[in-house]
Structures are given as structure tokens and as C-alpha cells.
There are 2 protein chains.
Amino acid sequence: MTDAKPTTTAASAGGVESVDRALSIVGCFQAGDHALSLTEIAARTGLYKSTILRLTVSLERAGYLVRHQDKSYRLGPELMRLGGLYQRSLRLEDHVRPVLRQLMRESGESASFFRREGAWRICAFREDSTQAIRDHVHEGDRLPLDRGAAGHVLTRFAGQGSAADFAALPLLSFGERESETGAAAVPVFSQRDGLVGALTLSGPLTRFTGERVAVMAPLLLAAGSRLSETLGGHYPDQASQSA
Amino acid sequence: MTDAKPTTTAASAGGVESVDRALSIVGCFQAGDHALSLTEIAARTGLYKSTILRLTVSLERAGYLVRHQDKSYRLGPELMRLGGLYQRSLRLEDHVRPVLRQLMRESGESASFFRREGAWRICAFREDSTQAIRDHVHEGDRLPLDRGAAGHVLTRFAGQGSAADFAALPLLSFGERESETGAAAVPVFSQRDGLVGALTLSGPLTRFTGERVAVMAPLLLAAGSRLSETLGGHYPDQASQSA
DNA sequence: AACACAGTTCTATCTAACAGAACTTTTGCG
DNA sequence: CGCAAAAGTTCTGTTAGATAGAACTGTGTT
């Protein structure tokens with residue numbers, strides 16, 4: 001008997017219990033894991049090894065897991081393929097990526113585009129700064145919505161945002177999610193969906209001084225406004241002039 | 001009643017049938033799909049709508065699918081997170097990405113790193129050419145192993161490769177997978193795993209003339225050799241000198 | 001050689017999952 | 001606006017599938 005068990009069940013919340021279990025196997029892999037043994041998966045998921053062995057046959061067949069000769073399990077390539085499908089299904093990359101590259105070039109800091117998904121924000125696109133010291137977020141990472149400049153943007157502009165909201169842009173954070181990271185963010189709108197995401201510059205606190213933020217702010221506002229217009233949305237006129 | 005049914009079953013091949021079904025729902029999304037209706041998913045998977053409704057509760061809970069207010073289903077952000085975990089679990093990016101960038105800069109063509117997974121090759125890392133005309137492959141894409149320069153490398157060097165194999169590098173293809181795409185590829189070895197992948201330059205046939213390939217060949221060979229050494233593997237001495 | 005641990009196989013039991021009918025809601029057309 | 005078609009949702013009897021967990025096999029260490 002292993003000690004921890006998945007806490008949600010199909011019986012109590014709908015769904016199919018064996019699917020929940022299978023996905024909990026995939027979900028128990030963490031950053032830094034190269035491979036996991038059967039015993040380690042059992043410890044992390046609370047499932048019996050015999051149950052895991054049966055579930056993993058389906059996961060392997062679908063390409064979500066790969067089993068190697070040393071009996072260890074690794075995440076499979078189908079996840080990367082589907083992750084790319086997800087990213088491209090947003091139909092934003094062709095518009096967002098060039099803007100992120102330009103923002104990164106002009107500001108020297110990492111530029112990201114976050115989307116809201118439920119109670120989280122997802123880093124959908126990212127261009128890392130070329131500087132050696134920078135914050136580390138990866139495309140696909142899921143971060144809390146209630147912390148960080150991008151989180152505040154995604155919360156505050158969920159409605160269209162008032163003139164006062166726009167006047168406050170870019171929204172800033174200092175060490176909210178990670179103690180040594182600063183960030184500045186602005187909203188991005190589209191015609192179809194309203195608020196589609198937050199454009200963000202981030203980096204170490206030491207490079208988020210008043211002077212540096214004053215340099216970044218007009219870059220971000222201009223980029224957010226331009227990207228919104230590309231997507232059929234727009235900022236109120238005053239918002240882009242108050243920078 | 002819908003007409004098509006998943007062809008493999010847990011009963012005949014092991015695994016858990018409802019997990020197979022759930023993953024066939026995720027797997028029915030294709031490039032270009034923004035969202036799918038319940039009816040469309042039923043048509044693509046051959047599952048009853050009532051079955052899909054139950055399975056998708058588990059998929060939504062895990063973040064693999066998102067259901068929107070218009071009742072449509074979209075792929076969910078957890079796929080991108082897991083796809084990034086997979087990519088980083090290879091523990092290659094820090095070594096491979098800089099080499100791809102340099103190869104792309106020096107050659108002007110798209111540079112990719114392919115890995116073998118079963119009977120397929122996966123594009124694990126990619127740096128697109130900045131030229132307007134280029135081939136389109138995305139990180140995560142799964143391509144056939146028996147076609148393309150990278151496929152030939154992954155097949156031919158699965159054993160260590162003979163001196164004759166190395167002398168033939170880089171392996172070339174002209175319009176094997178896509179009729180207008182050319183590619184050149186070399187193997188990459190590591191100490192731990194032997195052949196870990198194929199380093200590839202690719203682009204339109206019109207830019208894969210004899211002269212252009214003569215320019216790319218030494219760049220690729222040097223990059224493949226250097227990357228192998230970084231990973232604790234190596235090319236035989238003659239291989240890198242015959243370029 | 002003995003022991004501990006990891007991985008694998010087997011099966012009795014029970015309930016979870018399904019098929020598909022019936023129902024409700026939404027959409028599109030005349 | 002009314003109607004029909006299509007899409008989405010709920011319900012439930014039946015049974016086959018999935019599990020728990022014991023027993024067994026294989027591997028690594030002392």
C-alpha cells in the first residue's frame with residue numbers, strides 16, 4: 001500500500017476515474033525529472049503498481065509516455081506535438097512573436113505573452129533576454145493569477161477597463177511571485193475575444209529601477225496598442241498618449 | 001450512431017479502454033482546428049456523445065481540454081506545459097539551441113534537431129530561417145523515419161556507423177517528404193546514449209544546389225562534431241577532416 | 001547465499017462505464 | 001414567427017472492465 005491517493009474522484013465530481021488516474025501519472029512528472037521508475041510513480045500517485053502498469057500501456061500507445069529498456073518511464077513526444085497544437089490553435093503566434101522579439105531587442109529584458117486560463121495565467125509565448133542574468137519562465141508554464149504584473153493586468157482588464165485603469169499602465173510588480181523578479185505588463189485586446197492576454201517585460205529587480213521602468217513603459221504601451229490593433233481591438237486614445 | 005471507431009482496444013492489446021478513448025479525443029484535434037464541437041468530436045472519434053461528455057470532464061479537470069461558453073472544446077494549456085517538460089527532460093536544449101542558432105545564422109537556412117521515437121522522428125528543437133521562403137516544420141512535429149535526410153541519419157547511425165557512413169556525411173534529401181524541400185543532416189552522439197539525434201539544415205530545393213550544399217556541409221559537420229563532443233560523444237577523426 | 005527491493009502476473013470481486021433511448025436546447029430556414 | 005433539424009444533455013439497465021492486493025519473478029547489494 002502506498003500512502004498518497006488522488007484527491008478528486010470521478011464518482012464525486014463526474015468524469016471517468018481511470019482517465020483521472022492515467023492523467024495523474026502523466027501529471028506527476030516534474031521539472032528536472034529525466035525518467036521515473038514504476039516505484040517512484042507509485043509513490044507520487046498513490047496508485048498500485050499493477051494499476052499503473054495497465055494504465056501506462058494506454059499512455060505509451062498514445063505517445064504520452066515512453067518506457068525505456070531500464071524499465072523507467074519518460075514523458076513522450078506526443079505531449080510536445082499537442083502542446084504545439086495548443087499554442088498554434090490560439091492563432092496568435094504570427095502576431096505576437098514578432099512583437100515579443102522587438103520588445104526584447106529594444107528593452108533588453110525578457111518579453112512574454114500571458115493568457116488567462118481559469119484561475120491561472122499561462123506563458124503562451126516568450127522571448128528570453130540574451131543577458132546572462134534573467135528570470136526563468138518557460139513557454140507553457142502556469143503561474144498564479146493573483147501575483148505578478150501580468151496577473152494584475154489579466155484580472156483588472158477582464159472587463160474592458162476604465163480610463164483610470166489605462167492611466168495606471170503599465171502595471172508593475174516587484175518580487176511578488178519570485179522575490180528577485182520585477183515585471184511590467186499591459187493588456188492586449190482583440191475584436192473577437194476582448195482581452196486576449198498580457199504583454200510583459202520581466203527581469204531581475206536590480207534592472208527594474210524607476211529610470212529603467214520609465215524607458216520600458218512607452219515601449220510596452222506602444223507594443224500593446226499596436227498588437228491590439230493588429231488583432232482588431234484597440235486601446236482608448238488617451239491611454240497610449242499618457243505615456 | 002457514428003461510423004468510425006477507434007481501431008485499437010485495450011482488450012486486445014492491454015491498457016485501459018476508457019483511457020484509450022479519452023486520449024483519442026485529445027488526439028483528434030488537428031493543425032488548423034481552433035475549437036471542435038461535441039458533434040465534430042463524435043464524428044472524428046466514433047464515440048457516443050454521452051461517452052464523450054463523461055470522458056471530457058476528466059480531460060478538462062486535468063487541463064488537457066477547455067470547454068468554452070459556446071459549448072466548443074479546445075486544447076488546453078496543460079498540454080503545452082507537459083510538452084515543455086518533455087522537451088526539457090531531454091536535457092539537451094542548453095547545448096542544442098545555441099548550435100542551431102549559429103547554424104541558422106551561418107547558413108541562412110532553418111536548423112533543426114530531430115530525435116528518433118519508435119518508428120518516427122520528432123523535431124525536438126528548431127530555429128527557423130529568417131528568409132521569407134522556408135519550409136514549415138514546428139517543434140514537436142512527428143515525421144516519418146524513412147524519408148528525409150534526418151530520417152536517413154537516424155536509421156543509418158543507429159549503430160555507431162562505419163567509416164564509410166561517416167565519409168558519406170552529410171546525408172542529403174531532395175523532395176523526399178515534401179516535394180519542394182531539400183535537407184542535409186549529420187548525426188549527434190552522446191557518451192551516455194550513443195546516437196541522440198540528427199542536426200539538420202532544410203529549405204526550398206532551389207537553395208539546395210551543389211554549390212550551396214558545399215557551403216553547408218562543413219558547417220554541419222563541424223557543428224555535429226562539436227555538439228557530440230559537448231555531450232561526451234565524438235566523431236571518428238577522419239569524419240570531420242574529410243569535409 | 002541470503003535478503004531487500006523493484007517489477008510483473010494473476011484473479012475474485014464489484015462497480016464503473018457504456019450504449020443508446022429519451023429528453024431539452026439551440027440553430028437555421030421558410 | 002413557427003417549425004424542423006441538429007446539437008447537446010440526462011438517464012439507467014446491463015455487463016464487462018478495472019481494481020486491489022496477493023503471489024510470484026527478477027535484480028542488486030551485502
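So that the names make sense, note that chain A is the first sequence line, chain B the second, and so on, each numbered from 1.
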Less than 4.0 angstrom between a side-chain N/O of A:Ser18 and OP1 or OP2 of D:dG17, yes or no? no
Does A:Ala62 have any side chain to side chain contact (heavy atoms under 4.5 Å, CB included) partners at least two apart in sequence or in another chain, and if so, which? A:Tyr64, B:Leu23
Are B:Thr181 and B:Asp135 close enough that a side-chain donor and a side-chain acceptor fall under 3.5 Å? no
A:Glu60: side chain to side chain contact (heavy atoms under 4.5 Å, CB included) partners, not counting sequence neighbours: A:Thr56, A:Leu65, A:Arg67, A:Tyr73
Name each donor-acceptor pair under 3.5 Å that joins a side chain in residues 90-97 of chain A to protein atoms two or more places apart or in another chain, with its distance.
residue	atom	partner	partner atom	Å
A:Arg91	NH2	B:Gly32	O	2.3
A:Glu93	OE2	A:Arg97	NE	3.3
A:Glu93	OE2	A:Arg97	NH2	2.8
A:Arg97	NH1	A:Arg126	O	3.1
A:Arg97	NH1	A:Glu127	OE2	3.2
A:Arg97	NH1	A:Glu139	OE2	2.6
A:Arg97	NH2	A:Glu139	OE2	3.1

Proximity to the side chain of B:Arg54 - top-ranked nucleotide from D:dA18, D:dA20, C:dA17: C:dA17
So does B:Arg21 get a side-chain nitrogen or oxygen closer than 4.0 Å to the phosphate oxygens (OP1/OP2) of C:dA19? yes
Just grab all the salt bridge (charged side-chain N to carboxylate O under 4.0 Å, His left out) pairs involving residues 71-82 of chain B, residues at least two apart or on different chains. B:Glu78-B:Arg81
Between C1' on D:dA18 and CD1 on A:Ile25, what's the gap in Å once rounded to a whole number? 13 Å
How long is the span from the CG atom in B:Leu195 to the CZ atom in B:Arg156, to the nearest 0.5 Å? 13.0 Å
Quickly work out the B:Ile52 CD1 to C:dC18 C1' distance and round it to whole Å. 13 Å
In whole angstrom, give the distance that lies between atom CG of A:Asp20 and atom C1' of C:dA16. 12 Å
Would you say C:dG20 has OP1 or OP2 under 4.0 Å from some side-chain N or O of B:Tyr48? yes
Spell out protein contact along nucleotides 8-13 of chain D as letters: B when the base is contacted, S when just the sugar-phosphate is, - when no protein heavy atom is under 4.0 Å; keep the 5' to 3' order. BBBB--
For A:Glu180, is the CD atom crowded, meaning more than 12 foreign heavy atoms sit under 6.0 Å from it? no
Per atom distances to the B:Thr51 side chain, the nearest of D:dA18, C:dA17, C:dC18 is C:dC18
Euclidean distance, atom CG of residue A:Leu47 to atom P of D:dA20 [Å, nearest integer]: 7 Å
Roughly how bent is the helix from C:dA1-D:dT30 to C:dG30-D:dC1 end to end, in steps of 10 degrees, with each end axis from five pairs? 50°
Find out whether B:Cys28 and B:Leu36 are in side-chain contact, i.e. whether some heavy atom of one side chain is under 4.5 Å from a heavy atom of the other. yes
Does a donor on one side chain sit under 3.5 Å from an acceptor on the other, for B:Glu176 and B:His152? yes
